[in-house]
Number of protein chains: 2
Amino acid sequence: MSKKGTRRHASGGPTMADLAQLAGVSKITVSRALGDSPLVNPETRERIQALACEHGYKLNISARNLRLRRSHTVAVIVEMKPSTDRTMFDPYPLVLLGGISQELTAAGYSVLLTTRQGASAAAVQAADGLILLGQGAHQDAVRRFDKLNLPMVVWGAQSASDTHVVVGSDNRLGGAVVARHFIALGRRRPVFIGNPSHPEIFERLNGFIDALAVRGIKPLLMRRDEFTMDSGMDAVRSLNERKVGFDAIFACNDLLAMGAIRATLDLGRSVPADVSVVGYDDMPLGASFLPPLSSVRQDWQEGGMLLARKVLALIEGEPASSESLPVSLILRST
Amino acid sequence: MSKKGTRRHASGGPTMADLAQLAGVSKITVSRALGDSPLVNPETRERIQALACEHGYKLNISARNLRLRRSHTVAVIVEMKPSTDRTMFDPYPLVLLGGISQELTAAGYSVLLTTRQGASAAAVQAADGLILLGQGAHQDAVRRFDKLNLPMVVWGAQSASDTHVVVGSDNRLGGAVVARHFIALGRRRPVFIGNPSHPEIFERLNGFIDALAVRGIKPLLMRRDEFTMDSGMDAVRSLNERKVGFDAIFACNDLLAMGAIRATLDLGRSVPADVSVVGYDDMPLGASFLPPLSSVRQDWQEGGMLLARKVLALIEGEPASSESLPVSLILRST
DNA sequence: CGGTATCAAGATACCGATAACATTTGATGC
DNA sequence: GCATCAAATGTTATCGGTATCTTGATACCG
């Protein structure tokens, strides 16, 4: 019905060719005009821009990506098991994502969200860069994505053998800070609750141990795999049953800490008079807990932004190095 | 140096044309072979696939998207304010995302994550469909994205004026279920704590009010804007100061409920003997709370999956209608 | 006035994949 | 032996932009 040049395509709006015909110029001039290139006459440019606006022109991103050979997209691969696992129910990964998203968006990039399973799903290859999240995302996963040969940045704990860029909060420091706090309080029998098979937790434990060693103190490790209050309560009860003495608890997560506090109180001991407790993550909830919980805070948002900045740097061909974010000890009543 | 046909491109691997030359066939045959088309000889297919694998061939997604005029991508637009806002720190939106991601991935689609600000960032237009998340995402936002003319599905509360597909959990039912529970317990002076300016909360309140009205009961509304324990405690204290009697509390969020319980206990009243309390969301934490919290549970994961299925249907040109997800009342000790 | 900058716009050639149509080849049928 | 058909592969055009190289017109200079 309508002529070739003015027809609308199935997927919707007019193309540059259509606009070109409407304006009586060539495609390339339209391209330049819309790109604010100085190569077009300002008058022509405005005329074309007005026309584009009027006809609801939308740039075809796929076409541009093909020609420019870059997608302005960064794939974020998240460990998301649909189980009662930590990652999924913790609010923090979301904050991390928020930081990433904010920074990438500001730079004109988009975020392609992928779970590990779906990571093969084609689209990832089209990304200009890769961000790997999730504590499980190590070695095996890293190698898998290394093959894609894309600029890649990983969130997590660093290890000497890493060939890629790793950003993470300084878990070792987190452990050390708590240790020094306990030392200052004169505590002699500290306990660590958590699962050191996660690299991050392992680092916290190491920082804790090393800083305590300065005073010749050796902490007791209560390994617990779940990051729940129940698990924390269980750990303390178990200590009691085994008649192990303790005067300080460092839990690698706030929920564990709260559980530990409750169990400790149940045993008739006072927090913090008899036992000092420090958690990790500084959940908003912790401040309202009774007694208000002391905790180690990491700046997840900043972490996300840093991750984003690193990939962007790599994409631009600039160098980028691994980096640890500082943490801070928030002292409340425990 | 190397010949035209066998050269590697800047962005990396070989193209179909390269493979074609290596195999001594034409591009299209390669395309068919890699797509497992029945139009190629099985032998040829395997030979080409082996070749592709050996040379690390990667499909150029942009090119395919351009040609096929679809990106196999759905944009998810999330309200993500970098403030102490609810959305960002609640774990649930993440679960929603998980459900979406899982379902889309299974269908061979990718998820393009965008914040509302960045939603103009080009790439969204390339998506085949749109999912809008976040309680603030209404009317204004919806209209804005409507212009893109893409299949769109919104998470949230339905309203009669909606022209688009809305999926959400049945908040009205959630309120009604709690009301009926209170009635069964013989409660006469129920209180609702929450902020009804959020459409979802408004629905919960309405369901609550209507179901109570059957017995001629009118609940008291304690409007509180923050979704924190402190806010819940404050609400109950304020009730006490104003000498308002109450024997049941429906808090529109578990944290509010926990705060309310604590304040109630502080006043020397018993839960649940004197006052029944029900929260919303059924946080894992609620089960470990003392006393274990009763709560209304929504299946966020399922919600995400449903959202995904609806957009996919729309993308395929099939019809899709708004839908509410059932909720369940989890009774514990309160 | 010839010659060179400078500016605006066009022509052409891709980017890498795939759909639609065309061709070759060998097998089968009568 | 020739027509017919199916299988396997090839040709060509196209998706919608943009880089590169040209061209044409005007201005400027000595």
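As a basis for the values below, the full set of heavy atoms in this structure was taken, side chains included, without hydrogen atoms, waters or symmetry mates. Computed from a predicted structure; not experimentally measured. Quick note on labels: first sequence line is chain A, next is B, and so on, each numbered from 1.
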Starting from [atom2] on [N], measure out to [atom1] on [X] and report it in whole angstrom.
X: A/N60; N: C/dC15; atom1: CG; atom2: C1'; answer: 13 Å
X: B/N65; N: D/dG17; atom1: CG; atom2: P; answer: 14 Å
X: A/R47; N: C/dA8; atom1: CZ; atom2: P; answer: 14 Å
X: A/L68; N: C/dC14; atom1: CG; atom2: P; answer: 17 Å
X: B/I48; N: D/dA8; atom1: CD1; atom2: C1'; answer: 11 Å
X: A/Q125; N: C/dA17; atom1: CD; atom2: P; answer: 11 Å
X: A/M16; N: D/dA19; atom1: CE; atom2: P; answer: 10 Å
X: A/L19; N: D/dT18; atom1: CG; atom2: P; answer: 12 Å

Within-4.5 Å side-chain heavy-atom neighbours: B/L51 and B/E54: yes
How would DNA chain D look in dot-bracket form, 5' to 3', counting Watson-Crick and G-U wobble pairs with both distances under 3.5 Å and writing | for bases paired to another strand? ||||||||||||||||||||||||||||||
Short side-chain to backbone donor-acceptor contact, [X] and [Y], under 3.5 Å:
X: A/S71; Y: A/A126; result: yes
X: A/Q125; Y: A/L148; result: no
X: B/S31; Y: B/K27; result: no
X: A/D128; Y: A/V74; result: no

Would you say a side-chain N or O of [X] is under 4.0 Å from OP1 or OP2 of [N]?
X: B/S31; N: C/dT18; answer: yes
X: A/Y57; N: D/dG17; answer: yes
X: B/T29; N: D/dT9; answer: no

Let's see if you can work this out: which of [options] has an atom nearest to the side-chain heavy atoms of [X]?
X: B/R69; options: C/dG10, D/dG10, D/dG16; value: D/dG16
X: B/R67; options: D/dG17, D/dA13, D/dG10; value: D/dA13
X: B/R32; options: D/dG17, C/dA19, C/dA20; value: C/dA20
X: A/T15; options: D/dA13, D/dG17, D/dT11; value: D/dG17
X: B/I28; options: D/dA19, C/dA20, C/dA17; value: C/dA20

If the test is side chain to side chain contact (heavy atoms under 4.5 Å, CB included), which one of B/L96, B/I100, B/L132 qualifies with B/W155? B/L96
Just call it for B/I61: base, sugar-phosphate, or nothing, with non-hydrogen atoms closer than 4.0 Å on any strand. nothing
How many angstroms lie between atom CG of B/L130 and atom CG of B/L112, to the nearest 0.5 angstrom? 9.5 Å
Interatomic distance, CG@A/N60 vs CZ@A/R67, rounded to 0.5 Å, equals 14.5 Å
So which of residues 33-44 of chain A are in contact with DNA chain D, with a heavy-atom cut-off of under 4.0 Å? none
With salt bridge (Lys or Arg N to Asp or Glu O under 4.0 Å) as the rule and sequence neighbours excluded, what pairs involving residues 306-325 of chain B come up? B/R70-B/E316, B/E103-B/R309, B/E302-B/R309, B/K310-B/E323
Considering residues, nucleotides and ligands other than A/E43, do more than 12 of their heavy atoms fall under 6.0 Å from its CD? no
Check: C/dG10 base within 3.5 Å donor-acceptor of A/K27 side chain: no
